[in-house]
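Encoded as structure tokens, the structure appears first; notes follow it.
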Number of protein chains: 2
Amino acid sequence: MLDEVDVHILDLLQTETRLSNLELSQRVSLSAPATHARVKRLEQDGYIDSYTAILNQEKLGYDLLCTIFMSTSIHQTQQINELERHLSAMPEVMECYCMTGAFDYMLKTIHRDRKELEAFIRELNQLGVAQLQTSIVLREVKASTVLPLRK
Amino acid sequence: MLDEVDVHILDLLQTETRLSNLELSQRVSLSAPATHARVKRLEQDGYIDSYTAILNQEKLGYDLLCTIFMSTSIHQTQQINELERHLSAMPEVMECYCMTGAFDYMLKTIHRDRKELEAFIRELNQLGVAQLQTSIVLREVKASTVLPLRK
DNA sequence: TGCTGAAAACGAATATTCTTCGGGAGGAAA
DNA sequence: TTTCCTCCCGAAGAATATTCGTTTTCAGCA
């Protein structure tokens, strides 16, 4: 379904997203229209979820990045769905995963300061949460969104 | 340093990155050149770290998303730096944070299958790692890169 | 070996967009 | 009021995306 050129295009789009279609076409040794058609196809076939600008958290005043492990006391499907909808709608929740291990969920959350974090945790506790374990990121060693396509 | 329009632009760039400069300018009620100049300024001042395409992990054959908590047996600055350089260079490591809590680091890693995960963990163990605790993501409830600018 | 049809690529042309100007409006300080 | 500075606008030129018709490529098959 994907040939070598497609993978090359995806990899360039991951890292050098701002390349013009013309430059992109030169990198993959294809004409501009052919490259353009491929990108459109990759978008339509769902290989590209979205394009996004990654903002600088520090410059914008976000000092606390947290991981929160969480167990819930509810187990009915409908209530679970409700809980997950709530979590998804909270803007401080950047990521939320259902996990193996001792806890049901892991969240990655972001907050401006300690005060906001406390308010958030209080909010969480009102959603049928049985257990919370919060850790704080002291330093970012690596933060990437790039898949290892050409390893 | 940032006025209301700047924040509006940043927020639009986060979510509707593919907007043309013309459309963007209409959304924020400014002329195209003025909007363009602001975006350039925001980029140069470091408010925007990067632009990126988010690829679909599933479609590209990545079945295992993991969080790995890790402690190290080394404590000399130089060796720590070396370790972190190694971790950063591993393409499977998408994120790496220095954390509070029982472990020194948390990693978010991605792998095609169980076999690749095993090879990766073996590789990790050769880097001066004292303890590893790996959990696997069963389901993605939310995965976003959007900062809550306008909460 | 050569024919055929489908898929994909190419080059040229058009439409759209970006980007750079000069000039002017608005506000602060003297 | 005058001056200075910042920021905006509209118009124009440059660059880019996008469409179109034609040509090439190549697998399947006689």
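Numbers restart at 1 for each chain; the letters A, B, ... are given by sequence-line order, proteins then strands.
When the P atom of D/dC7 is taken as reference, atom NE2 of B/His36 falls 17 Å away, rounded to whole Å. What separates CG of A/Asn21 from P of C/dA15 is a distance of 19 Å, to the nearest Å. Per the geometry, NZ belonging to B/Lys40 stands 11 Å off P belonging to C/dC18, to the nearest Å. Between B/Glu23 atom CD and D/dA17 atom P the separation is 16 Å, expressed in whole Å. The distance from atom CG of A/Leu30 to atom C1' of C/dA7 is 13 Å, rounded to the nearest whole Å. Going from atom CD1 of A/Ile9 over to atom C1' of C/dA8 covers 13 Å, rounded to whole Å. Atom pair A/Leu22:CG and C/dT17:P shows a separation of 18 Å (rounding to whole Å applied).
For A/Pro33, counting side-chain heavy atoms from C-beta on, the closest listed nucleotide (C/dT19, D/dT19, C/dA9) is D/dT19. Residue A/Ala32 has its side chain nearest to D/dT18 when only D/dT18, C/dC18, D/dC8 are considered. The side chain of A/Ser31 sits closest to C/dC10 out of C/dT19, C/dC10, C/dC18.
Using a 4.0 Å cut-off between charged nitrogen and carboxylate oxygen, A/Asp3 and A/Arg38 count as a salt-bridge pair. Using a 4.0 Å cut-off between charged nitrogen and carboxylate oxygen, A/Asp6 and A/Arg41 count as a salt-bridge pair. Using a cut-off of 4.0 Å between Lys/Arg side-chain N and Asp/Glu carboxylate O, A/Arg27 and A/Glu23 are scored as not salt-bridged.
In the helix from C/dT1-D/dA30 to C/dT17-D/dA14, the terminal helix axes, each the rotation mapping four pairs' C1' atoms onto the next four within five end pairs, subtend 20°, rounded to 10°.
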